[in-house]
There are 2 protein chains.
Amino acid sequence: MRYDHDEIIEKATTLFWQRGFQAAGMRDIQQALDMRPGSIYARFQSKEGLFKLVVEHYADNSAKRLKQVTEARSPLDALYHFFETALTGPDEQRYMRQCLLVKSIAELDLIGDIAKKAVLESMQTLKAGFRNIIETCIEKGELPEHTPTSTAAEWLQNQFVGLRAFALLQDDNQTTIKMIDKVIIDLKGQWPQQTH
Amino acid sequence: MRYDHDEIIEKATTLFWQRGFQAAGMRDIQQALDMRPGSIYARFQSKEGLFKLVVEHYADNSAKRLKQVTEARSPLDALYHFFETALTGPDEQRYMRQCLLVKSIAELDLIGDIAKKAVLESMQTLKAGFRNIIETCIEKGELPEHTPTSTAAEWLQNQFVGLRAFALLQDDNQTTIKMIDKVIIDLKGQWPQQTH
DNA sequence: GGTTTACTTGAACGATCGTTCACATGATAA
DNA sequence: TTATCATGTGAACGATCGTTCAAGTAAACC
């Protein structure tokens, strides 16, 4: 094996993150990985097979970061910095502001069933990660006891999705920061009643 | 002219909304519009030219709806129903839950400069629409005087973007409604301070 | 009726897409 | 050294992409 597996996935992640599944052509992939088509197909079966591994690698990485947030001394502060890091990177890494998973959801129909399943499952994994953060915050007294865990987790992921789509267009980091501040405020705030 | 212009744009909007710019092939377009390639190109120059008109038509329509919200007796109630309508349509119109503009942003690089410009300008138009809603709400006493108009407008658009990406995946409308409730609560809530 | 003009047609173009496969290469085992 | 086997190579395939253009059609004007 001439090619290191992790290195391949890493490079492929960068490409798919920048371009998306559809727009990243096999010839782009060949160039990015410095591999010939035969080698790629021998290992990954297809473009979709490679993409599936990339999605799983990306989701693992994201889940790990969310776990780190729960393990911090102040999870709420750590959450703030998690958002800040994800949304206000340098301009040459602007593509990273968009969540690879969210980007993939936009082209979910073109992706193929196997990778599609991986994307949706990854979204569930992240949701669980956000839920853990909420629970830890409540345990540590950083969020009110009455916070509805499940709703708040979904809401938090939702905020993340929205902010990532938004930050992609935003030139002014100060505006993005203000939005993150608002997320933290609202997280501590009131929640809708069950009854309707 | 055998073909009605508005009807063409309407049909094209449906197709692009369902599939996105890249995935909607010229042959799909030909079928959806019941037109031959020559006719399409004679009128719209290119696939991108057609898409540009679709985007503008979509943005006009959205702006009109936002305007209606400001003109309602209770803009805040109208805003709630605007969200509800956009996000909880029937399953066969699920594609409509995703905002065409947001969907387009995800593939902004593949679209071409002309249509790209149209997409970004449309986003600005919508932002202005949201801003008007905020201002009207303040005037009518439905929102506190101290609400930071510009920030709140950007925030509201952001919520809309996030919810549309989220509602696309959501099977349970009740969850979506809960998220809309939360938006209205937070809109009335506290805002981050300028100082940092 | 004949000519002009505006619009429509659809076969065909070159480019690019994801993918394949006969063959080359190089490490390991005998 | 020779045989074996996993791995890597790259020209080439059929399909599909957005687009073109010479020819056809039909209404308008003289």
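Basis for what follows: all heavy atoms, side chains included, without hydrogens, waters or symmetry-related copies. Just so it is clear: chains get the letters A, B, ... in the order the sequence lines come, proteins before strands, and each one is counted from 1.
Nucleotide C:dG18 holds its P atom 13 Å from the CD1 atom of A:Ile111, rounded to whole Å. Taking atom CZ of residue A:Arg43 and atom C1' of nucleotide D:dT7, one finds them 9 Å apart after rounding to whole Å. Spacing between atom CD of B:Gln30 and atom P of D:dT19 amounts to 11 Å, rounded to whole angstrom units.
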Please list, pair by pair, any protein nitrogen or oxygen found under 3.5 Å from a nitrogen or oxygen in nucleotides 23-28 of chain C.
none

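When heavy atoms are screened at a 4.0 angstrom cut-off, B:Ala24 is found touching the sugar-phosphate backbone but no base atom.
Using a 3.5 Å distance cut-off with no hydrogens or angles, the side chains of B:Thr175 and B:Asp172 do pair a donor with an acceptor.
For the pair A:Arg19 and A:Asp28, the salt-bridge criterion is met [side-chain N within less than 4.0 Å of a carboxylate O]. The pair B:Glu135-B:Arg131 counts as a salt bridge, with a side-chain nitrogen and a carboxylate oxygen less than 4.0 angstrom apart. In this structure, B:Lys67 does not pair ionically with B:Asp60, as no charged nitrogen and carboxylate oxygen lie closer than 4.0 Å. Under the 4.0 Å criterion applied to side-chain N and carboxylate O atoms, A:Asp186 and A:Lys182 are assigned as salt-bridge partners.
A 4.5 Å side-chain heavy-atom check between A:Phe16 and A:Ile29 finds at least one atom pair inside the cut-off.
Annotation: side-chain hydrogen bond (donor to acceptor under 3.5 Å, both in side chains) contacts of A:Thr149 (sequence neighbours excluded): none.
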For A:Leu187 and A:Gln159: C-alpha separation, side-chain torsions, deciding distance, then whether side-chain contact (heavy atoms from CB on, under 4.5 Å) applies. CA-CA 10 Å; A:Leu187 185 57; A:Gln159 296 299 312; over 6 Å; no

Sugar-phosphate atoms are those with a prime plus P, OP1 and OP2; base atoms are the rest. Using that split, label each nucleotide of nucleotides 9-16 of chain C B, S or - for protein heavy atoms under 4.0 Å, 5' to 3'. BBBB----

